[in-house]
J.: 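One structure is given below, represented as structure tokens, and several questions about it will come after.
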Amino acid sequence: MNYIPVNEQDRKEMLDRIGVKSIEELLALQIPESLRAKKLNLPEGLSEQELSALFKNYAGKNKSNLVCFRGAGVYDHFVPSLVDEITGRSEFSTAYTPYQAEASQGTLQAIFEYQSMICELTGLDCANASMYDGATAVAEAVLLAVRTSRKNKIIISSGVNPEYLSVVETYTKNLDVEIIKIKIDEKTGALDKNVLQSMLSDDIGAVVVQSPNFFGVVEDMLSLSETAKNKNALFVTIVNPASLGILKTPCEYNADIAAGEGQVFGNRMHLGGSTFGFLAVKKALEWKIPGRVVGQTVDKNGKRGFVLTLQSREQHIRREKATSNICTNAALNAFAGCVYMACLGSSGIKELAETNISKARYAFNAIKKLEGFEPLFANSLFFNEFVFKTVKNVKKIEKALLKENILGPLNLGAFDKKYKNCLMFAVTEKRTKQEIDKLTDILNRA
Amino acid sequence: MNKLINEIRSNRNTDRVIKCDVPLDIEMDVRYKGQKSTNIPNLSENTLLRHFTNLSRRNYALSTTFYPLGSCTMKYNPVVNEKIAAFEEFSSVHPYQSEETVQGSLEIMYELEKSLCEVSGMDNFTLQPAAGAHGEYAGLLIIAGYFKSIKEKRTKIIVPDSAHGTNPASAALAGFEIISLKSDENGIVSPENLKAVLTKDVACMMMTVPNTLGVFEKNIAEISEILHQNGSLLYYDGANLNAVMGIVKPADIGFDVMHINLHKTFATPHGGGGPGAGPVGVKAFLKDFLPVPVIVKENNKFKISFGDKKKSIGKMKAFFGNFPVLLKACAYIKALGGAGLKEASEQAVLNANYVLSSLKDKVSIPAGSVCMHEFVLSSKGHLGDGVKTLDVAKKLLDYGYYAPTIYFPLIVEEAMMIEPTETESKQVLDEFTDVLLKIIEESVSNPEILHNAPVNTYVSRLNEVEAARKPKLHW
């Protein structure tokens, strides 16, 4: 198959107009013969039917649609049909970045609504149009904190998702930035504000904390933020948006920057991408934020409209002095997030958080009763994810669950020996009581 | 009336989330509990469907109109690929599933990597970067890692003045100083100009071939030799790869590292700004510096390998990359096959030259009368009093076309960068050039209508200055 709508007759007329005999002649006019490539060694093209069959075959090699109790940054939430219906519209999906504002009001208003809802959710004043994912949003938040504070030392919690920590490391390795990790307390799984206090000094630009953290533990953001602010450090928070219908929001604990992974809102897991990252800041930082930002304005006749704005921060104008190199972002995934938030509304967002925490607590209490399972952080608050240490064989557990089409908890021991035999469970609103009971039953028998 | 969502009154009860079939258990210490409520209305599905469908009608998209946006390769996005990418077998898998349960997804990534190697001549690819600029950044970190490993201190990167703005921005982010290289009078890099700025501390030069003027850098072999003799590397910005598939392989002509924009050359939709994918290819000597993980094939099974972690630049984003984008690109390559990819590039070159031949007597073409897959015209001196290229672009919107790129490249005054792509018919190209010529005539006979354009779009000319002066960034 190729998608070229030019037949031989058209082609001939086009060559005649140009005044050459062949396309080859056009190429020979421009490219030295010695640089030309040999024939591509790729299979022949396929018809649509063959192509679909080939990918059905690939699809059959995945074990999919599992009942998912795994999270660690990517979660199995329900996606309303409306999200697919809207984001699947080709008027949105096949448009480019909205450079011509008058012909892109659909995309621009959608991004403006997205930014507004992120601001509503976090309580902050300005959100950008999206970052690639949660990890890169955090890395950009760190660079933003360095630019804003004009200090190059950043304290980051070891409770931050390890994928994010690796990306922060990659993003800062060639820059004059020092990343200082602060350990979480082994008993509570949370940060100790006294430890933070002892690490702070006047040359620390920012403190970066994730809550709920990688282990699912909700941090005491109010006192951590206060501790950071007392030493004039910025407070950067990484939040799970699904938790903000019940937990304190970034503005309630005076965060300067909020970043996070938006997959939980309207995006499927898809092996971890594509998703979107969100980044929101206080008013004072709006001119320093990286990436696209949409603003409201009026047209010649006074009618409301939307444009890309604050563009003098961006690479196509500032080149090496830009606030970031980002150009393409994750617009359609962020739009899915926008439609999702609109679908739920304020009360749905609250219900979502309450249902997640209730089901997670139900599962936690059930597993806690089982012989051979001990909660790792027994007295800490969690949202929809928690860790148990087990004396049972974790590989056997995984296998037994998979046999019943259940994707069981994540074995943390595979990442860090310190957490040998520790299993991390995620329970979203999508899991039913019946599924949780079945999980518990298999764990019990394993 | 154009309402924002928050201006629509709540019109449904709360029933969106699945009923909680376990006891509600939400008590927590006041230290943690949020007190603020959000202001997002609770709207019925009907209300929302109408709201967003109406928004979609205010967009020009590839599926509604010709979109000759230079440098962005707005070619047809095959609908079958969307269908395949939505298969639940792909969309429902978790990134931390074990290898043996995601063999299909891994195989697709592996196949894509091999195909990209064949098209580019590179030895290995990472599929992790999420966009072109993200790929540039990864590529430059790889170069930095390489020089560090051989203990050479190289702190500078040469970027031609015709390059995309992301090039210098990525280089700065990767910790390099930028040397801007002036293009010669033909809009290309001249070996003499290069020699004049080349020093021992230059790590690499970034080039786009064909460049952003649509011109093939004919001195590339000599440029490559000069750089490599200096111990510097050569980076290929793949934004314009659509001009040369099956015609030139970047690795064969001297490039060491490159990125490919799958959302351009390999026909994945751009989503109004993303998601994209910017895989990075390298020659074998740089393989160990690629981000982790990589997909390898052993005994007919696909594995997720973390390889030699010591040399790797680490992770560019979480997990593997933008999987649905990778899948669509893979499907595109499978559909076209080797011969089809070459034909696509050839037709892209023909279409661009065809449009160029119809316009060259009416406007200036700074880079001459042949081009690769796109060209840049300058309307300076060809328009009526006080009429700018911006006005021409806005008038094109009135005729139902998206406008070509006009903010770029910076080295051509009143530039208009036109990239038709291979998936447009002769009729579409004829009609477009007729309209463009008509607008240029109108700019002389009736400049006012250009100043007032657009009038047929949902809003008329928007006040961008005011938007930046008093930013209103949320409702």
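Proteins come first, then strands; the chains are lettered A, B, ... in the order of their sequence lines, and each starts at number 1.
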J.: What part of A/L35 is in contact with chain B, defined as an atom under 4.5 angstrom from a non-hydrogen atom: side chain, backbone, both or neither?
T.: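 When you check distances to chain B, atoms from both the backbone and side chain of A/L35 fall under 4.5 Å.
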
J.: Tell me if the aromatic rings of A/Y132 and B/H134 count as close, with their centers under 6.0 Å from one another.
T.: yes

J.: Does any backbone or side-chain atom of A/Q311 lie under 4.5 Å from a heavy atom of chain B? Answer side chain, backbone, both or neither.
T.: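 Answer is side chain: those atoms of A/Q311 sit under 4.5 Å from chain B.
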
J.: Pick one of side chain, backbone, both or neither for A/L407, based on which atoms fall under 4.5 Å of a heavy atom in chain B.
T.: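 Side chain of A/L407 only, per the 4.5 Å heavy-atom cut-off to chain B.
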
J.: If you measure only the distance, is there a donor-acceptor pair under 3.5 Å linking the side chains of B/W475 and A/E120?
T.: yes

J.: Looking only at the side chains, is there a donor atom on one of A/K300 and B/N452 sitting less than 3.5 Å from an acceptor on the other?
T.: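 Yes.
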
J.: Parallel, tilted or perpendicular: which one describes the rings of A/Y99 and B/Y407, with boundaries at 30° and 60°?
T.: tilted

J.: Please report the interatomic distance NE2(B/H51) to CD1(A/I86), rounded to the nearest 0.5 Å.
T.: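 These two atoms lie 9.0 Å from each other.
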
J.: Does any heavy atom of chain B fall under 4.5 Å from the side chain of A/K359, the backbone, both, or neither of them?
T.: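 Looking at A/K359, backbone and side chain both touch chain B.
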
J.: Taking the side chain as C-beta and beyond, is there a heavy-atom pair between A/K430 and B/I18 under 4.5 Å?
T.: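 Counting from C-beta outward, A/K430 and B/I18 never come under 4.5 Å.
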
J.: Does A/Q296 use its side chain to pair, donor to acceptor, with the backbone of B/L473 at less than 3.5 Å?
T.: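 No, because the side chain of A/Q296 does not come within donor-acceptor range (under 3.5 Å) of the backbone of B/L473.
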
J.: Examine whether an atom of A/A95 lies under 4.5 Å from a heavy atom of chain B, and if so say whether it belongs to the side chain, the backbone or both; otherwise answer neither.
T.: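 For A/A95, backbone and side chain are both near chain B.
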
J.: Under 6.0 Å between ring centres, would you say that holds for B/F52 and A/F335?
T.: yes

J.: Measuring from atom CG of B/N42 to atom OG of A/S347, what distance do you get when rounded to the nearest 0.5 angstrom?
T.: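 Answer for the CG-OG pair, B/N42 versus A/S347, is 3.0 Å.
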
J.: Is the cationic atom of A/K303 (NZ for Lys, CZ for Arg) positioned less than 6.0 Å from the six-membered ring centroid of B/Y458 and within 45 degrees of its normal?
T.: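 Judged by the rule, A/K303 and B/Y458 form a cation-pi pair.
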
J.: Say whether B/E88 and A/N65, considering side chains only, have a donor N or O and an acceptor N or O under 3.5 Å apart.
T.: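 A donor-acceptor contact under 3.5 Å links the two side chains.
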
J.: Would you say the side-chain atoms of A/R70 and B/Q97 include a donor-acceptor pair closer than 3.5 Å?
T.: no

J.: Testing the 3.5 Å rule here: is there a donor-acceptor pair between the side chains of A/R17 and B/S357?
T.: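 No - no donor-acceptor pair under 3.5 Å links their side chains.
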
J.: Can you say whether A/L51 sits under 4.5 Å from chain B via the side chain, the backbone, both, or neither, judging by heavy atoms?
T.: both

J.: Mind checking the NZ-CD1 spacing from A/K173 to B/I313? Nearest 0.5 Å is all I need.
T.: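 Answer rounded to 0.5 Å: 6.5 Å.
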
J.: Drop me the distance from A/Q315's CD to B/T166's OG1, to the nearest 0.5 angstrom.
T.: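 It is 5.5 Å, given to the nearest 0.5 Å.
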
J.: Taking side chain as C-beta onward, heavy atoms only, is B/L462 less than 4.5 Å from A/E102?
T.: yes

J.: Chain B heavy atoms under 4.5 Å from A/L54: which part of the residue, side chain, backbone, both or neither?
T.: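 A/L54 touches chain B through side-chain heavy atoms alone.
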
J.: Kindly assign one of parallel, tilted or perpendicular to the pair A/Y171 and B/Y137, based on the angle between their ring planes and the thresholds 30° and 60°.
T.: perpendicular

J.: Identify whether the distance between the nearest side-chain nitrogen and carboxylate oxygen of A/E351 and B/R16 falls below 4.0 Å.
T.: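 Between B/R16 and A/E351 there is no salt bridge, as every charged N stays at least 4.0 Å from the carboxylate O atoms.
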
J.: Ignoring hydrogens and geometry beyond distance, is a side-chain donor-acceptor pair present between A/T94 and B/N77 at under 3.5 Å?
T.: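 No - no donor-acceptor pair under 3.5 Å links their side chains.
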
J.: Assess A/K56 against B/F87: is NZ or CZ under 6.0 Å from the centre of the six-membered ring, and within 45 degrees of the ring's axis?
T.: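 Geometry flag: set, cation within 6.0 Å and 45°.
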
J.: Counting only non-hydrogen atoms closer than 4.5 Å, does A/L175 touch chain B with its backbone (N, CA, C, O), its side chain (CB onward), both, or neither?
T.: side chain

J.: Between A/E252 and B/K36, is there a salt bridge with N-O shorter than 4.0 Å?
T.: no

J.: To the nearest 0.5 Å, what is the distance between CG on B/D25 and OG1 on A/T355?
T.: 12.0 Å

J.: Please tell me whether B/E343 and A/N2 have a donor and an acceptor in their side chains that are separated by less than 3.5 angstrom.
T.: yes

J.: Please check if the side chain of A/N62 supplies one atom and the backbone of B/S105 the other of a donor-acceptor pair under 3.5 Å.
T.: yes

J.: Any luck finding a side-chain donor-acceptor pair between A/D299 and B/S460 under 3.5 Å?
T.: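 Result is yes, a qualifying pair exists.
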
J.: Could you grab the distance from atom CD of A/Q105 to atom CG of B/N59, nearest 0.5 Å is fine?
T.: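 Atom-to-atom, A/Q105:CD and B/N59:CG are 8.5 Å apart.
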
